[in-house]
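A short worksheet on the structure shown next.
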Amino acid sequence: MSAAARPQLRPPSPAADRGAPSLPPRPSRTGPTVAAVIAGVIVVLATIELDISWTSLGEIPGRVANYLVLLFAEPNWEKLPRALFETWRSVSMAWLGAIGCVALSIPLGILAARGVGPAWVRLPLRWLFAIIRAVPEVVIALVLLTVTGLTPFTGALALGIAGIGTQGKWVYETVESVQEGASEAVRAAGGSTAEVARWALWPAAAPSLMSFALYRFEINIRTSAVLGLIGAGGIGTMLSNYTNYREWDTVGMLLIVVVVITMLIDLISGSIRRRIMEGARPRVVDRTR
Amino acid sequence: MTASDPITAAAGDLAPAASGAITLRDVTVTYPGGTRALRGVSLSIAPGEMVSVVGLSGSGKSTLIRTINALVPITSGRLLVGEQDVSRLSGRSLRELRGRIGMIFQGFNLAERTSVLSNVLVGRFAHSPAWRSLLGLPSAQDKQIAIEALDSVGILDRAWSRAGALSGGQKQRVAIARALSQQPSVMLADEPVASLDPPTAHSVMQDLLRINEERGLTVLVNLHLMDLARQYTTRMIGLRDGEMVFDGPAADATDQDFEAIYGRPIQGRDVLGSAP
């Protein structure tokens with residue numbers, strides 16, 4: 001109400017008295033410049049201790065070309081059935097890991113969301129997610145190997161645990177971004193926190209969470225190949241073995257299989273995710289506004 | 001849905017709360033940031049009154065209406081709904097009180113991706129065991145109450161639609177049905193028509209009036225439009241900067257009264273117009 005009384009613009013007369021307007025003096029840029037120089041020096045210094053033989057850099061393209069010929073000139077398709085079977089094991093590992101990860105991270109993530117769980121539940125959960133995020137899957141798998149031995153199940157377990165860190169964070173961020181209106185209505189009707197989570201937060205967050213679950217599967221497909229390298233089984237183990245045998249034509253075939261299968265699954269999963277998210281958008285435009 | 005139905009009868013110890021009387025004594029609300037939203041508001045509302053709360057945005061009317069079901073806790077003073085001291089309730093007893101107070105909102109506040117029926121069943125949460133609501137297995141009786149509530153606002157045929165697919169007016173009717181299925185004794189409405197076009201706004205106000213007259217509910221409705229307050233409510237409370245500056249019959253409120261509440265001259269946007 002006082003806005004009308006307050007002058008909105010400076011009156012033009014003082015400017016006329018001061019003559020043509022001029023820029024205020026430019027703020028000093030010494031600080032940022034010094035900081036940039038220091039950062040640059042650190043970047044350069046950081047490479048010194050690496051003992052890089054710069055001269056061999058020139059030989060790399062030739063070597064790469066050499067290996068490319070070894071790998072892909074005549075891929076050996078003899079072991080394809082075996083490769084497909086191992087791929088299947090890798091995919092199963094990824095799928096099992098994704099299910100475990102999602103099944104754990106959705107309830108834990110919802111509890112970790114602001115406004116759902118109390119602080120003494122929320123904060124420890126967030127720390128747990130952060131700690132898991134800081135540990136690479138391979139490290140978790142190596143630790144698990146000592147307990148459960150060299151099986152694809154170990155890989156699935158490692159993927160399931162390692163994924164919780166990121167997946168849990170995605171869940172609580174999604175739940176926190178849900179509009180508060182429906183939650184307020186459920187609370188106003190006498191609903192408990194669990195009822196708010198089930199009937200206000202879950203319906204709004206479910207499409208995103210489903211999409212994230214599929215995305216976890218896609219990520220796991222790639223990671224499962226890496227876990228195979230340390231012996232968790234599947235296509236990664238086969239790849240690692242044939243590299244050790246130096247049977248490059250078989251390695252070439254395996255690489256083709258890995259890339260094609262991964263891209264195929266990405267494609268299918270991606271299109272399902274797109275459908276989920278499109279379906280989530282309101283189909284009828286609200287014409288009242 | 002009369003007082004003799006089993007749900008109300010089963011309330012037993014809640015009988016005092018079932019009365020729709022609301023009493024505020026020197027109620028103050030200060031938000032954590034230090035904003036004083038309500039300053040020493042005292043008023044008493046009899047069961048079955050149709051009351052509008054009028055004021056500009058930021059005058060504290062949203063806060064006032066949310067103190068009554070403790071969505072906003074009061075900082076000092078005393079607030080009674082029926083004979084229950086709202087600020088002393090927590091946990092289960094608070095949820096039971098809220099179960100007796102229906103509320104509708106400017107933004108409708110529906111779960112847009114679930115069915116209309118599921119949204120209305122939210123009104124039964126405080127009156128049924130948790131496992132039923134969490135598993136989505138309402139009792140036949142709760143379902144019947146929800147169906148009757150939907151029927152009473154005339155959108156039973158949309159029961160299986162996604163709430164998000166409805167128009168604004170339909171959404172607000174679903175929200176009213178949700179509140180009615182609580183079988184409340186008090187109905188709170190926070191700017192219920194501010195997101196609606198004028199004809200829809202009038203029909204929603206008529207629904208509220210009908211609820212008040214037919215069911216004897218105490219209705220407390222926030223409005224910023226003068227003509228709606230005059231036309232649909234019997235008593236008007238004016239808030240300005242968190243203080244109560246008017247309390248009287250809505251029909252008798254003059255333009256000068258409104259100017260005092262708003263703290264500025266009347267403008268065109270203060271009326272909705274086009275009564276049906």
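Heavy atoms only: backbone and side chains are in, while hydrogens, waters and symmetry mates are out. Chain A is the first sequence line, chain B the second, and so forth, proteins listed ahead of strands; every chain is numbered from 1. All of these numbers come straight from a predicted model, not from anything done at the bench.
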Chi angles and distances behind the side-chain contact (heavy atoms from CB on, under 4.5 Å) call for B/Ser133, A/Arg198: CA-CA 9 Å; B/Ser133 51; A/Arg198 170 65 187 87; over 6 Å; no
Are there more than 12 heavy atoms of other residues, nucleotides or ligands under 6.0 Å from atom CZ of A/Arg222? yes
Please report the C-alpha distance between B/Arg66 and A/Glu184 in whole Å, then the side-chain angles of each, then the deciding distance to 0.1 Å, and finally whether the side-chain contact (heavy atoms from CB on, under 4.5 Å) criterion is met. CA-CA 10 Å; B/Arg66 278 173 172 73; A/Glu184 190 183 29; 2.7 Å; yes
Minimum heavy-atom distance between A/Trp199 and B/Ala111, given as atom pair plus value: O-CB, 3.4 Å
Out of A/Ser192, A/Ala194, A/Ala197, return the one with the most heavy atom pairs under 4.5 angstrom to chain B. A/Ser192
As an exercise: rank B/Gly136, B/Ala126, B/Ala175 by heavy-atom pairs under 4.5 Å with chain A and give me the winner. B/Ala126
A/Glu195 side, atom CD; B/Arg132 side, atom CZ - distance, nearest 0.5 Å: 13.0 Å
For atom OH of A/Tyr215, is the number of surrounding heavy atoms from other residues, nucleotides or ligands below 6.0 Å larger than 12? no
Contacting moiety of B/Ile101, where chain A heavy atoms sit under 4.5 Å: backbone
Take atom CD of B/Glu259 as the centre, draw a 6.0 Å sphere, and report whether it contains more than 12 heavy atoms from other residues, nucleotides or ligands. yes
Looking only at heavy atoms, the pair that brings A/Ala189 and B/Gly123 closest together is CB-CA, 4.5 Å
Listing, residues 107-117 of chain A side-chain donor-acceptor contacts under 3.5 Å, not counting sequence neighbours, or none:
none

Out of B/Thr114, B/Asn119, B/Leu121, B/Leu134, which one racks up the most heavy-atom pairs below 4.5 Å with chain A? B/Leu134
Using modelled atom types only, decide if a donor and an acceptor are shared between the side chain of B/Asn109 and the backbone of A/Ala182 within a distance under 3.5 Å. no
Determine yes or no for a side-chain-to-main-chain donor-acceptor pair under 3.5 angstrom, with B/Arg98 supplying the side chain and A/Ala188 the backbone. no
